[in-house]
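Treat the numbers as computed from the prediction; the structure is a model and nothing was measured. Worth knowing before you read on, the calculation uses all heavy atoms, side chains too, and leaves out hydrogens, waters and symmetry mates. So you know, we letter chains A, B, ... as the sequences are listed, proteins then strands, and number each from 1.
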Protein chains: 2
Amino acid sequence: MKVHIENIGDYLKKHEIKPSYQRIKVFEYLLNTKEHPTVDDIYRALVDEIPTLSKTTVYNTLNLFIEKQIAVVIVIEENETRYDVEMNFHGHFKCEKCGKVSDVDIDPEVINFDSLNEFQINEHHLYFKGICKDCLEKEKIKN
Amino acid sequence: MKVHIENIGDYLKKHEIKPSYQRIKVFEYLLNTKEHPTVDDIYRALVDEIPTLSKTTVYNTLNLFIEKQIAVVIVIEENETRYDVEMNFHGHFKCEKCGKVSDVDIDPEVINFDSLNEFQINEHHLYFKGICKDCLEKEKIKN
DNA sequence: GTATCTGCAAAACATTTGCAATTCT
DNA sequence: AGAATTGCAAATGTTTTGCAGATAC
């Protein structure tokens, strides 16, 4: 599902982003995790490896990625801004029990409603909330 | 498109909400406007009529509406929490030019993807961004 | 050596909380 | 009077900004 990227430095350069150590690490983390992390998740995941890291740099880096269109913001809940580097068309599901956010494959053809014809659509955001498989099974076992 | 409600006081009572003046006015505003307003929009719209109104009350009121399930939060963008009292299944479109948020009719049947089968879905949120009809026409006229 | 990038501290916002005053019945 | 509601002021949390020092080419 995730984009395959040979070399992060080259990928950043291709998108006019100078590949600093911090930027490579943030991008690498976004690429390797499936958690659609928040700024705080990213910061906490990297601060051990980069002890001087600041949240400002994480913010700067993410805003740059978004400007250069190699990442998108996903906001499933208020007060919880998450980031995604998977740029293919897909939806997101958030489990209300465990809080995990998963990707959902969606055929873009399906989202061609008549009611959208009057608009020029630039972005689709499809969010679903509920209970994930794992949490459903855990509940079954309990009962 | 909007729900038809005879009497807001009775409607609030039916949902176990004591119909104070502030609550009636906030609900009335949500019902009559199509703008999917933010807290600030609501506050600014009502403060002339209710000069003692505070944002805290608007927040309290909206949180109560959400708890009692007569309103929902819509978050199309980070840092922009909006509210909607239309509880039927529908999507939202936000114009990137004029900032207006419109309702989008969607057949719920269409949103039955195989990829969602492994989840128990409790909420759907469908957001679209782009340029609205009016802004597209304004651009045409300019050129 | 000059541009850029990083990260601290402070500022800017949005939302929540504690609590005292007000209102409603 | 008693219970609920309102709204001020302060607290909290998130994101942005200004700027000085560090880093890279």
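Whole-Å rounding puts the A:R82 CZ to D:dT14 P distance at 12 Å. Rounded to whole Å, the distance from OH on A:Y43 to C1' on D:dT15 is 15 Å. Atom CZ of A:F65 and atom C1' of C:dC5 are 13 Å apart (whole Å). Whole-Å rounding puts the A:I66 CD1 to D:dT16 C1' distance at 14 Å. Look at CG on A:L53: it is 13 Å from C1' on C:dC5, rounded to the nearest Å. In this structure, the CD1 atom of B:I24 is 13 Å from the P atom of D:dT5, given to the nearest Å. Atom-to-atom, CG of B:L46 to P of D:dG7 comes out at 11 Å; the value is rounded to the nearest Å.
Not counting sequence neighbours, the partners of B:K13 by the side chain to side chain contact (heavy atoms under 4.5 Å, CB included) test are B:D10, B:P19. By the side chain to side chain donor-acceptor pair (under 3.5 Å) test, A:Q22 pairs with no residue at all, sequence neighbours left out. With sequence neighbours excluded, no residue satisfies salt bridge (charged side-chain N to carboxylate O under 4.0 Å, His left out) with A:R23. Partners of A:E137 by salt bridge (charged side-chain N to carboxylate O under 4.0 Å, His left out), not counting sequence neighbours: none found. Legend: residues meeting salt bridge (charged side-chain N to carboxylate O under 4.0 Å, His left out) with A:E6, ordered by chain and number and at least two apart, are absent. Residues that satisfy the side chain to side chain contact (heavy atoms under 4.5 Å, CB included) test with A:D107, not counting sequence neighbours, are A:E109, A:V110. In terms of the salt bridge (charged side-chain N to carboxylate O under 4.0 Å, His left out) criterion, residue partners of A:K55 (sequence neighbours excluded) are, by chain and number, A:D40.
Listed by first and then second residue, the ring-ring contact (aromatic ring centres under 6.0 Å, His included) pairs involving residues 43-70 of chain A are A:F27-A:F65 (not counting sequence neighbours).
At least one side-chain nitrogen or oxygen of A:Q22 sits closer than 4.0 Å to the OP1 or OP2 atom of C:dG7. Within the 4.0 Å cut-off from OP1 or OP2 of C:dC5, not a single side-chain nitrogen or oxygen of A:S20 is found. Listed pair A:T52 / C:dG7 meets the phosphate criterion, a side-chain N or O lying under 4.0 Å from OP1 or OP2. Taking side-chain N and O atoms only, A:S54 has no distance below 4.0 Å to OP1 or OP2 of C:dT6.
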Would you give a per-nucleotide map of nucleotides 12-24 of chain C, 5' to 3', where B means the base has a protein non-hydrogen atom under 4.0 Å away, S means only the sugar-phosphate does, and - means neither?
-> --SBBB-------
Just list the side-chain donor-acceptor pairs under 3.5 Å for residues 115-125 of chain A, sequence neighbours left out, or say none.
| residue | atom | partner | partner atom | Å |
| --- | --- | --- | --- | --- |
| A:S115 | OG | B:D105 | O | 2.4 |
| A:Q120 | NE2 | A:N122 | OD1 | 3.1 |
| A:N122 | ND2 | B:E96 | OE1 | 2.9 |
| A:E123 | OE1 | A:H125 | NE2 | 2.7 |
| A:H125 | ND1 | A:Y127 | OH | 3.2 |

At a cut-off of 3.5 Å, list every protein nitrogen or oxygen paired with a nitrogen or oxygen from nucleotides 1-4 of chain D, distance to 0.1 Å.
none

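For B:K133, the NZ atom is loosely surrounded, since the number of other residues' heavy atoms within 6.0 Å does not exceed 12.
Atoms CG and CG, on A:L64 and A:L12 in that order, are 8.5 Å from each other to the nearest 0.5 Å.
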DNA chain D in dot-bracket, Watson-Crick or G-U pairs under 3.5 Å, [ ] crossing, | other strand?
-> ||||||||||||||||||||||.||
